[in-house]
*Asks:* 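Let me give you the structure first, and then I'll get to my questions.
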Amino acid sequence: MIDSNLSPPTARQKWLKKLVSQRHIQIMALLGIAWMIIFNYIPMYGVIIAFKDYDIIRTISEAPWVGLEHFKEFLSDENFGYVMKNTLGISLIKLMTFPLPIIFALFLNEVRILRFKRAIQTISYLPHFLSWVVLGGILATWLSDVGIINDILMALHLIDQPISYLAEPKYFWTIVITSDIWKELGWSAIIYLAAITGISPEMYEAATIDGAGRFQKMWYVTLPAIKGTISILFILAVSGVLNSNFDQILVLRNSLNDSASNVIDYYVYYTGISQGRYSYSAAIGLFKSVIALTLLLIANQVSKKLNDTSLF
Amino acid sequence: MSLIKRKTKGEAVFDIINNLGMLLICFVTLYPIWYVLINAFNDGKDAMLGGIYWWPRVFSLENFKAVFDNPGITTAMLLTVAKTLVGVGAHVFFTAMVAYAFSRRELIFGRFYIFLGTITMIFSGGLIPTYLLIRDLHMLDTFAVFIIPVLFSFFDLIIFMTFFREIPDGLDEAARIDGANDWTILVRIVLPVSMPVIATIALFHGVYQWNDYFAGIIYINKESLQPIQTFLYRVVAQSSSNIMTTALQGSAVTKTVTSQSVKLATMVVTTLPIVFAYPFLQRYFVKGMMIGSIKG
């Protein structure tokens with residue numbers, strides 16, 4: 001005891017002293033870590049049931065290994081073809097709508113009357129706050145036999161008989177994509193508008209002196225200035241692409257449009273929660289995660305090559 | 001830009017077309033919502049004839065009476081209010097607390113903790129392993145299932161952390177000299193100056209809590225624990241009219257309302273709180289989104 005007081009403290013003692021002095025923030029941090037271990041890491045471990053025959057009688061570790069059997073079963077599943085087609089189809093079309101919020105933000109930025117600009121912004125992101133359940137209700141009302149869409153088309157003599165749009169697979173993708181744009185356009189534009197606000201006015205003044213018109217200023221000043229934001233959001237969009245908005249699908253799908261509406265996320269929910277085939281369902285979920293991760297890595301690399309922006 | 005500079009003809013045309021386009025977007029955005037609103041305020045039997053486009057034809061509050069007369073909807077509504085308030089409070093405090101610790105550069109193991117968190121943003125167990133965990137924790141059919149599994153979010157932590165690191169060090173030094181510990185500093189100094197981020201995260205999580213129906217579908221069987229959006233989902237998406245029939249039986253005014261008109265009124269009622277709340281919070285969240293966008 002006396003010795004340690006006399007000689008200078010060792011590195012270890014210093015470290016321990018520092019650890020004790022920051023015990024409060026260590027407790028705060030560890031509470032967060034504990035939460036992550038339980039709710040993030042334990043489910044990650046639970047994914048191994050995809051390689052096992054898990055049932056509710058045994059624990060996860062007791063269940064026998066079956067290797068890639070569930071993955072093979074999914075690949076030869078009669079529903080595999082259209083589930084993949086719907087997942088990829090809806091996702092890719094949604095990805096193609098990625099530029100729309102950027103275009104909206106560019107043109108909204110050109111609105112000169114400040115109050116009008118603010119009003120449009122407030123209105124445009126209102127739908128973001130409606131739940132997909134409510135939106136499903138709105139769409140069901142609009143698209144029903146006696147709904148307003150049929151009213152208009154009948155009045156214009158474009159159709160002779162009312163169509164039940166949600167009961168016909170061929171309209172499903174259009175409904176999903178359009179309603180998604182309607183709901184999220186304004187909200188997605190916020191982040192671009194925020195980035196545009198950060199551009200120095202001097203850049204525009206210089207461009208004006210050089211004789212640039214409004215479209216030229218959009219193209220040569222605004223767009224390059226928000227390129228970094230666009231890249232990051234694009235990478236995120238690509239990595240989340242397979243999620244294809246499960247909430248929305250779940251609300252709009254029904255047994256009549258199943259051939260166009262059944263996506264991987266729904267299939268996981270259906271086989272797992274409704275049918276209780278936990279291992280099979282977890283395998284399908286993992287299959288999706290692997291594709292999503294691959295897409296994320298590709299998008300990240302492409303973005304790194306093209307304009308030096310990447311997530312990692 | 002100088003005020004005397006006159007607009008060229010081309011610019012004037014551009015402005016007109018641009019403004020008209022924006023007006024069109026506003027109309028397209030608002031009209032579907034307006035359509036639901038006016039039909040909800042119209043007499044149910046009369047609405048079945050169709051043709052109500054701009055204004056209620058036979059104004060009526062009976063649909064809303066039917067909504068509030070139904071004990072099932074009222075319970076679901078109260079539960080949703082409760083889970084939103086408790087959920088937002090708990091999520092904001094817990095996430096901010098962890099973010100405060102993570103934002104301190106002297107935190108031993110800090111980099112490792114952040115690494116652990118980053119992993120959770122890329123990988124997840126997915127629906128089934130999460131469901132099995134919740135089941136094994138005996139949280140099925142409990143109120144806690146709405147709060148604890150979404151208590152923390154690493155994405156929200158990054159937004160908090162970025163903001164906390166901007167706070168000048170000098171702010172808490174005096175308190176520290178007076179003997180205040182980190183808990184006091186977090187609650188008395190850091191949180192009060194972080195209102196823009198708190199409002200942003202509270203709004204995000206509040207919208208999530210209010211709109212979430214999925215937890216109600218997979219984790220809840222008890223009728224008394226059903227959130228309003230789950231209730232609405234069962235009515236809207238599954239068109240199981242028996243729920244609405246029960247709703248109608250519960251009301252004294254079965255003469256004029258229809259299941260469709262009560263459905264519309266329920267949609268309006270479930271949406272109003274959020275529509276009222278967001279103008280108050282929006283001046284904060286644009287700022288909050290910017291903070292998140294820089295480093296997020």
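We name chains A, B, ... by the order of the sequence lines, and we start the count at 1 in each one.
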*Asks:* Determine whether Leu250(A) and Tyr233(B) make a side-chain contact, defined as any pair of heavy atoms from C-beta on separated by less than 4.5 Å.
*Replies:*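 A side-chain contact under 4.5 Å exists here.
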
*Asks:* Do Leu127(B) and Asp265(A) have side-chain heavy atoms sitting under 4.5 Å apart?
*Replies:*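 Result no, sub-4.5 Å side-chain heavy-atom pair not found.
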
*Asks:* Give the intermediate values and the outcome of side-chain contact (heavy atoms from CB on, under 4.5 Å) for residues Tyr53(B) and Asp151(A).
*Replies:* CA-CA 11 Å; Tyr53(B) 300 132; Asp151(A) 278 2; 2.6 Å; yes

*Asks:* Heavy-atom distance under 4.5 Å to chain A: side chain of Leu264(B), backbone, both or neither?
*Replies:*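 Side chain only.
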
*Asks:* Might you work through the side-chain contact (heavy atoms from CB on, under 4.5 Å) test for Met28(A) and Leu186(B), ending with a clear yes or no?
*Replies:* CA-CA 11 Å; Met28(A) 293 177 192; Leu186(B) 171 67; 4.2 Å; yes

*Asks:* Under 6.0 Å between ring centres: does that hold for Tyr269(A) and Phe214(B)?
*Replies:*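 Tyr269(A) vs Phe214(B): aromatic centres under 6.0 Å.
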
*Asks:* Can you check whether Gln22(A) reaches Asp182(B) side chain to side chain, under 4.5 Å on heavy atoms?
*Replies:*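 With C-beta onward as the side chain, the pair stays apart.
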
*Asks:* Do Ile27(A) and Trp183(B) have side chains that approach each other closer than 4.5 Å (heavy atoms only, starting at C-beta)?
*Replies:*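 Side chain of Ile27(A) against side chain of Trp183(B), heavy atoms only: contact under 4.5 Å found.
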
*Asks:* Which atoms of Val28(B) are under 4.5 Å from chain A, going by heavy atoms: the side chain, the backbone, both sets, or neither?
*Replies:*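 The answer is both parts of Val28(B).
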
*Asks:* What part of Lys18(A) lies closer than 4.5 angstrom to a heavy atom of chain B: side chain, backbone, both or neither?
*Replies:*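 Both backbone and side chain of Lys18(A) come within 4.5 Å of chain B.
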
*Asks:* Answer with side chain, backbone, both or neither: which region of Leu135(A) has an atom nearer than 4.5 Å to a non-hydrogen atom of chain B?
*Replies:*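 Answer is neither: Leu135(A) stays 4.5 Å or more from chain B.
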
*Asks:* With the side chain counted from C-beta on, respond yes when Ile33(A) and Phe102(B) share a heavy-atom pair under 4.5 Å apart, and no when they do not.
*Replies:*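 Yes, at least one pair of side-chain atoms sits under 4.5 Å.
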
*Asks:* Extract all donor-acceptor atom pairs below 3.5 Å that involve side chains of residues 34-46 of chain A and protein atoms in other chains or at least two apart in sequence.
*Replies:*
from, atom 1, to, atom 2, distance (Å)
Trp35(A), NE1, Ile148(B), O, 2.9
Tyr41(A), OH, Leu116(B), O, 2.5

*Asks:* So for Trp132(A), is it side chain, backbone, both, or neither that comes closer than 4.5 Å to the heavy atoms of chain B?
*Replies:*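 Neither part, no heavy atoms under 4.5 Å.
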
*Asks:* For the backbone of Phe107(A) and the side chain of Asn18(B), can you confirm whether one donor and one acceptor N or O come within less than 3.5 Å of each other?
*Replies:*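 Here the side-chain-to-backbone pair exists.
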
*Asks:* Taking the side chain as everything from C-beta on, heavy atoms only, tell me whether Leu126(A) gets closer than 4.5 Å to Leu30(B).
*Replies:*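 A side-chain contact exists here, since the closest heavy-atom pair is under 4.5 Å.
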
*Asks:* Of the backbone (N, CA, C, O) and the side chain (C-beta and beyond), which part of Leu139(A) lies under 4.5 Å from a heavy atom of chain B, both, or neither?
*Replies:*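 Interface part for Leu139(A): neither.
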
*Asks:* Side-chain contact, heavy-atom cut-off 4.5 Å: Leu132(B) with Tyr54(A)?
*Replies:*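 With C-beta onward as the side chain, the pair touches.
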
*Asks:* Are any side-chain N or O atoms of Gln26(A) and backbone N or O atoms of Ile108(B), one a donor and one an acceptor, separated by less than 3.5 Å?
*Replies:*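 The answer is yes, because a donor-acceptor pair under 3.5 Å joins these two groups.
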
*Asks:* My understanding is that only residues two or more places apart in sequence, or in another chain, count here; which of them pass salt bridge (Lys or Arg N to Asp or Glu O under 4.0 Å) with Glu184(A)?
*Replies:*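 Glu184(A) satisfies salt bridge (Lys or Arg N to Asp or Glu O under 4.0 Å) with no other residue.
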
